[in-house]
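On a predicted model such as this, the values are computed, not experimentally measured, just so you know. To find a chain, count down the sequence lines: A is the first, B the second, and so on, and within it residues start at 1.
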Amino acid sequence: MPELPEVETIKRDLESKVKKRLIKSINIFEGSERLFIKKDINFFSTALIGNKIDCLSRHGKYLIFSISNKKYLIVHLRMTGSISINPSNSPMASYEKIRFNFDNNFSMSLMDIRKFATIDIYSNLVNFNQRIGPDSISHDFNPAFLKSKLVARKSSIKSALLDQSIAAGVGNIYADEACWDAGINPLQKAFLLNDDEINRLCASIKNVLFESINNRGTTINNYKDLLGNSGYHQTKVAVYGRVDKKCLRCSQKIIKTRVVGRSTFYCSKCQEL
DNA sequence: ACTATGCCCTGGGTGC
DNA sequence: TGCACCCAGGGCATAG
């Protein structure tokens, strides 16, 4: 499931393949109806066909293609979405939902088993940037910002970290990893964190995200890069999915519970409530 | 205003 | 071997 490091890996690999490419045509495959946030597929096609991709960026888990006509194509891969680059005459891939054919006889394809992925066209990013908080590896995501968001937050810190208006790009795996790294119990009420804990948590979030980027992301279930390869960070994961195994710091058994409907893993000894 | 819950979706795994 | 169930979780709609 692509979170920030996985989307960042895709973005870095994809950038040189799509930058300055002209979109000649688009193929839309069966079962792609849910992909389009705005149901008008004609609007989608006319906004893109004949235009170039100026550059590619990422905000949280969203991929943002800046188009030469000043519009933005925004892609979210959700749970099982993936992207690949292939010659335009390649046969349709399994679960392929949409294909963008470029002017160099290559194409960018979006595949998705579970049909949760979304694509959308924006005329500007004002609303988007208001809805999503600062990217978790940016300078704007810092202890002062985090404190401002947690001070009145009655829910658990895990719930707060999954809120994309707080920690954009953090998902279930890295929320647990960051809490473990910082020695904070994911069930702790967010507003109870003191300054020292917020400083540690902020640093830990960045640490686990940067480390995973260096390892090309974490492949637990579905994530694959542009070439269909897994990441390497799953071998470095400290708590996620390690129920009943020994904590890497204190050898206590890792506990599994559920927080806001998500599997949550922590060490009861070094992440005391 | 804030927070919690259910839903979407399908392949893979498990237990009988 | 087959079948029925359960689980994975991001973001949104809805309820409280």
Query raised in the report: Is there a donor in the side chain of A:T80 and an acceptor in the side chain of A:D112, or the other way round, less than 3.5 Å apart?
Result: yes
Query - Interatomic distance where CD belongs to A:Q234 and P belongs to C:dA8 [whole Å] - result: 18 Å
Report task. Pick the P atom in C:dG11 and in B:dG11, then give their distance to the nearest Å. Result -> 23 Å
Requested in this report: Could you check A:R114 against A:V260 and say which one's nearest nucleotide on DNA chain B is further toward the 5' end?
Outcome: A:V260
Requested in this report: Flag the pair A:F128 / A:Y62 as yes when their ring centroid distance falls below 6.0 Å, and as no otherwise.
Outcome: yes
Query raised in the report: Is the closest basic N to carboxylate O distance between A:R200 and A:D181 below 4.0 Å?
Result: no
Query raised in the report: In terms of side-chain heavy atoms, does A:D54 have a donor or acceptor partner in A:S66 at a distance below 3.5 Å?
Result: no
Report summary line: Span of DNA chain B engaged by chain A, first through last nucleotide within the 4.0 Å heavy-atom cut-off, is B:dT3 to B:dG11
Report task. Inspect the contact between A:K256 and A:D244 and indicate whether a charged nitrogen and a carboxylate oxygen are less than 4.0 angstrom apart. Result -> no
Query - Toward the 5' end of DNA chain B, by each residue's nearest nucleotide, A:G261 or A:K115 - result: A:G261
Requested in this report: Using a 4.0 Å cut-off on protein heavy atoms (strictly under), produce a 5'-to-3' string for nucleotides 10-16 of chain C with B for base contact, S for backbone-only sugar-phosphate contact, and - for none.
Outcome: BBS----
Requested in this report: Say whether A:N185 and A:K158, considering side chains only, have a donor N or O and an acceptor N or O under 3.5 Å apart.
Outcome: no
Query raised in the report: Can you check whether A:F65 and A:Y72 have ring centres sitting under 6.0 Å from each other?
Result: no
Query raised in the report: Which part of the nucleic acid, if any, lies within reach of A:K256 when heavy atoms closer than 4.0 Å are counted: base, sugar-phosphate only, or nothing?
Result: sugar-phosphate
Query raised in the report: Charged N to carboxylate O below 4.0 Å: is that the case for A:R99 and A:E96?
Result: yes
Report task. Identify whether any heavy atom of A:T118 sits under 4.0 Å from a base atom; if not, whether one sits that close to sugar-phosphate; answer base, sugar-phosphate or nothing. Result -> nothing
